[in-house]
Amino acid sequence: MVKAFFKLNIWQKGYKLVLCIYQITNNFPDTEKYALINQLKRASNSVIANIAESQGRYFYKDKIRILYQARGEIFEIRSHLRVAKGLKYLNLEKFTRVDQDYEGLLIGLNKYINYLSSQNNLN
C-alpha cells in the first residue's frame, strides 16, 4: 500500500515552509505582488505538489523524475530568498532560518530520492 503523501516527512516539512513563505511575503511591498511574491508562492507550492504527485506514480523512475522537479524548485526558492534579502524585504535572521529550513528539506528530499533509487535497482 502506498503511503499517503501528507504523511511523508518531506511533504510535512515542505507544507510548513509554504505557510512560512505566505507569512513572510505578506510583508513584501505591493509592487512585488506579481513578481517576487508570486514566484515564491508558486515555487513553494510546487515543491509539495510534486512530492504529492510522485506518490501517485507507479514506477520508481517516474517518482524520482518528479522529485527532481521538486528539488529544482527548492533551488529556485533559495535564489528568490536571496533577492528578497538583498532588497531588504527579509532581515538576515529570517532569511537564514528559512534558507536553512529549505536546505534541510533538500537534504531530506535527496535521501528520499536515493532510497527510491535503491528500491528501483532491486527490481
**Asked** Does Tyr89 share a hydrophobic cluster with Leu19, counting links as ILVMFWY side-chain heavy atoms below 4.5 Å and allowing steps through other members?
**Response** yes

**Audit row: Lys111, Tyr115, side-chain contact (heavy atoms from CB on, under 4.5 Å) steps and yes/no** = CA-CA 6 Å; Lys111 287 180 181 178; Tyr115 166 76; over 6 Å; no

**Request:** Taking only Lys NZ, Arg NE, NH1 and NH2, and the carboxylate oxygens of Asp or Glu, determine whether Arg97 and Glu93 approach each other closer than 4.0 Å.
**Result:** no

**Request:** Report yes if the side chains of Ile74 and Arg78 come closer than 4.5 Å at any heavy-atom pair, otherwise no.
**Result:** yes

**Message:** Does any part of the side chain of Leu67, heavy atoms only, come nearer than 4.5 Å to the side chain of Asn50, both counted from C-beta?
**Reply:** no

**Separation of Glu53 CD from Ser46 OG (nearest 0.5 Å)** = 9.0 Å

**Complete:** For Lys63 and Gln55, the nearest pair of non-hydrogen atoms, with its separation, is NZ-O, 3.4 Å

**Request:** Heavy atoms only: give me the nearest Leu36-Val83 pair and the separation to one decimal.
**Result:** CD2-CG1, 4.1 Å

**Asked** More than 12 heavy atoms of other residues, nucleotides or ligands under 6.0 Å from CG of Asp30: is that the case?
**Response** no

**Message:** Rounded to the nearest 0.5 Å, what separates atom CG in Leu17 from atom CG in Asn45?
**Reply:** 11.5 Å

**Ile107 with Ile64, same ILVMFWY side-chain cluster at under 4.5 Å** = no

**Asked** Are the side chains of Phe75 and Leu106 in touch, meaning some heavy atoms are under 4.5 Å apart?
**Response** yes

**Message:** Determine whether Ile24 and Leu40 satisfy the following criterion, side-chain contact (heavy atoms from CB on, under 4.5 Å), listing intermediate values before the conclusion.
**Reply:** CA-CA 10 Å; Ile24 64 174; Leu40 277 164; 5.6 Å; no

**Item:** Close side-chain approach of Gln12 to Asn9, heavy-atom, < 4.5 Å
**Value:** yes

**Item:** For Ile37 against Pro29, the heavy-atom pair lying closest together
**Value:** CD1-O, 3.9 Å

**Message:** Within the 4.5 Å heavy-atom criterion, are Asp101 and Lys16 side-chain neighbours or not?
**Reply:** no

**Item:** Side-chain (Ser117) to main-chain (Ile113) donor-acceptor, under 3.5 angstrom
**Value:** yes

**Distance (rounded to the nearest 0.5 Å) between Gln39 CD and Ser44 OG** = 11.0 Å

**Asked** Within the distance-only criterion (no hydrogens, no angle test), does the side chain of Lys85 pair as donor or acceptor with the backbone N or O of Leu90 below 3.5 angstrom?
**Response** no

**Message:** Restricting to non-hydrogen atoms, name the atom on Ile48 and the atom on Gly14 that form the minimum distance, rounded to 0.1 Å.
**Reply:** CG2-C, 3.3 Å

**Prompt:** If you take all heavy atoms of Ile10 and Gly108, which pair is closest and at what distance?
**Reply:** CG2-C, 3.6 Å

**Message:** Contact between Phe95 and Arg82 at the side-chain level, heavy atoms closer than 4.5 Å - yes or no?
**Reply:** yes

**Request:** Just do the side-chain contact (heavy atoms from CB on, under 4.5 Å) check on Tyr112 and Ile51 with the steps written out, would you?
**Result:** CA-CA 10 Å; Tyr112 189 53; Ile51 292 168; 5.8 Å; no

**Message:** Let me confirm one number: the NE2-CG distance from His80 to Asn38, rounded to the nearest 0.5 Å.
**Reply:** 9.0 Å

**Message:** Are the side chains of Val18 and Tyr22 in contact, using a 4.5 Å heavy-atom criterion?
**Reply:** yes

**Message:** Is there a continuous path of hydrophobic side-chain contacts, each under 4.5 Å between heavy atoms, that joins Ile66 to Ile77?
**Reply:** no

**Complete:** Nearest heavy-atom contact between Phe28 and Ala84 is CZ-CB, 3.7 Å

